[in-house]
Protein chains: 2
Amino acid sequence: MPTAADRLVRTLSQHGLRQTPVRRSVLQVLADAAFALSGSEIEQQLPAGTDRITLYRTLKSFEESGLIHRVIDSTDVVRYAACSIECSAKAHFDNHVHFKCTICQHIYCLNQVAIPAVTLPAQFQVVSRDYLLAGVCRECQPAV
Amino acid sequence: MPTAADRLVRTLSQHGLRQTPVRRSVLQVLADAAFALSGSEIEQQLPAGTDRITLYRTLKSFEESGLIHRVIDSTDVVRYAACSIECSAKAHFDNHVHFKCTICQHIYCLNQVAIPAVTLPAQFQVVSRDYLLAGVCRECQPAV
DNA sequence: TTGCACGTGCAACAGTGTAGCTTGTTGGGC
DNA sequence: GCCCAACAAGCTACACTGTTGCACGTGCAA
């Protein structure tokens with residue numbers, strides 16, 4: 001039976017990435033997260049002493065390899081979330097809606113909710129789409 | 001017949017904002033822009049010597065008054081665009097799709113394209129929605 | 001005209017992310 | 001198991017975006 005560590009090793013090698021302690025830690029943090037994390041949030045969850053610059057470079061190479069995707073936010077902070085299993089460097093399949101809770105500030109990837117299509121004026125050619133909802137999440141609803 | 005300057009004065013007073021040179025300039029720049037601008041882009045178009053901090057404070061108060069709205073981007077930069085005429089501090093009506101051209105980097109407000117609704121899992125309560133498309137705009141299409 | 005709340009301008013600073021360089025490590029080939 | 005080239009890590013320094021606190025100036029209503 002493969003352990004969690006085995007899965008990390010396999011995921012990295014499947015995407016053509018080297019096995020290093022930092023990469024394993026970053027991947028672990030993102031895989032364990034229930035919602036999208038910002039650079040500094042990821043940093044806080046890494047082993048003490050992990051280099052900030054290395055983290056950003058790791059995130060960049062993960063993104064280019066299709067391991068994680070950016071989640072846009074209504075603020076100026078970029079967040080990251082682990083991609084679904086079928087993503088690769090060639091094709092990102094993050095065609096799902098994101099939901100930001102205005103109370104707990106968490107951003108959820110609603111993998112089960114696809115982004116609806118829109119009809120654009122002629123000659124606008126669409127490559128990718130982001131749909132961000134804001135509101136109150138399940139956990140933060142006032143008790144009935 | 002009201003001049004452009006008259007319109008600026010009226011727009012400011014209608015939103016309960018004072019008439020100052022900086023505010024008129026910022027409003028002018030945003031009203032003239034065909035697409036969303038970042039803080040530094042606005043700064044470049046202002047009269048030389050305009051204070052950067054004052055600009056950010058001006059943008060903040062414009063946003064709170066419903067004169068402009070934030071446009072999310074897939075990068076970490078916040079951009080601003082003039083709101084449609086019927087917006088106010090009480091109700092923003094920026095319920096339209098944004099389109100970012102990956103070639104010229106311009107972000108268009110497609111006012112005529114409404115954001116389609118989605119069905120969310122129970123107990124997620126939606127307050128606002130952002131829909132950002134990326135691709136190639138009208139101007140950047142390869143000649144046929 | 002006057003008062004004062006609000007806007008401006010300045011210095012300082014915080015957070016996020018990048019560039020360039022040197023050192024350390026991984027992993028393929030022998 | 002060893003070697004080595006390519007890649008990753010770790011450092012300093014820096015750029016950009018945006019904020020805070022404070023003193024001063026100004027729009028505007030009375």
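Within every chain, numbering begins at 1; the chains are lettered A, B, ... in the order of the sequence lines, protein sequences first and strands thereafter.
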Original post:
What integer distance in Å separates B:Leu12:CG from D:dG27:C1'?
Top reply: 12 Å

Original post:
Looking only at atom types and distance, does a side-chain atom of A:Gln19 sit under 3.5 Å from a main-chain N or O of A:Val9, one as donor and one as acceptor?
Top reply: yes

Original post:
Is a donor on one side and an acceptor on the other found under 3.5 Å between the side chain of A:Gln141 and the backbone of B:Gln123?
Top reply: yes

Subject >> base_contact_polar (C:dG9 base, B:Arg52 side chain, donor-acceptor, <3.5 Å) >> reply: no

Original post:
Between B:Glu41 (side chain) and B:Ser38 (backbone), is there a donor-acceptor pair under 3.5 Å?
Top reply: yes

**OP:** Would you check, one step at a time, whether the test side-chain contact (heavy atoms from CB on, under 4.5 Å) holds for B:His98 with B:Arg79?
**Re:** CA-CA 11 Å; B:His98 292 120; B:Arg79 288 166 188 279; over 6 Å; no

Original post:
Is there a donor and acceptor pair, one atom on the side chain of B:Arg70 and one on the base of D:dG18, closer than 3.5 Å?
Top reply: no

**OP:** Look only at the side chain of B:Tyr80 and the backbone of B:Ile42, and say whether a donor-acceptor pair between them is shorter than 3.5 Å.
**Re:** no

Strictly under 3.5 Å: I want the nitrogen or oxygen pairs between protein and nucleotides 4-6 of chain D, one per line.
from, atom 1, to, atom 2, distance (Å)
D:dA6, N3, A:Arg18, NH2, 3.1

**OP:** Send over the distance from A:Ile42 CD1 to C:dG17 C1', rounded to a whole Å.
**Re:** 13 Å

Using distance only, find each side-chain donor-acceptor pair of residues 52-60 of chain A under 3.5 Å and give its atom names and separation, not counting sequence neighbours.
from, atom 1, to, atom 2, distance (Å)
A:Thr54, OG1, A:Asp51, OD2, 3.1
A:Thr58, OG1, A:Thr54, O, 2.7

**OP:** Tell me, please, which residues at least two apart from B:Phe99 pass ring pair (Phe, Tyr, Trp, His ring centres under 6.0 Å).
**Re:** A:Phe124

**OP:** Return the nearest nucleotide to the side chain of A:Arg23; candidates are D:dA8, C:dG7, C:dT16.
**Re:** D:dA8

**OP:** Give a yes or no on whether a donor-acceptor pair under 3.5 Å exists between the nucleobase atoms of C:dG7, that is its base, and the side chain of B:Arg24.
**Re:** no

Subject >> Residue mapping more 5' on DNA chain D - nearest nucleotide basis, B:Ile53 or A:Gly16 >> reply: A:Gly16

Original post:
Nearest-Å distance, CG (A:Asp51) to C1' (C:dG20)?
Top reply: 14 Å

Original post:
Between B:Ser65 and B:Ser61, is there a donor-acceptor pair closer than 3.5 Å when you use the side chain of the first and the backbone of the second?
Top reply: yes

Original post:
Distance check: side-chain N/O of A:Thr20 vs OP1/OP2 of D:dA8, anything under 4.0 Å?
Top reply: no

**OP:** Mind calculating the distance between CD (B:Glu43) and P (D:dT19) to the nearest angstrom?
**Re:** 14 Å

Original post:
Taking CZ from B:Arg79 and C1' from D:dC16, how many angstroms apart are they, rounded to a whole number?
Top reply: 13 Å

**OP:** Scan A:Ser40 against the nucleic acid and name what it touches under 4.0 Å (heavy atoms): base, sugar-phosphate only, or nothing.
**Re:** sugar-phosphate

Original post:
Quick one: the side chain of B:Arg57 and the base of C:dG9, do they pair up donor-acceptor inside 3.5 Å?
Top reply: yes

Original post:
Nearest-Å distance, CG (A:Leu46) to P (D:dA9)?
Top reply: 11 Å

Original post:
Can you tell me how far C1' of D:dC11 sits from OH of A:Tyr56, to the nearest Å?
Top reply: 17 Å

Original post:
Does D:dA9 have OP1 or OP2 sitting under 4.0 Å from an N or O in the side chain of A:Thr58?
Top reply: yes

Original post:
Closest nucleotide of DNA chain D for B:Gln19 versus for A:Gly49: which of these residues is on the 5' side?
Top reply: A:Gly49

**OP:** Send over the distance from A:Lys60 NZ to D:dC7 P, rounded to a whole Å.
**Re:** 16 Å

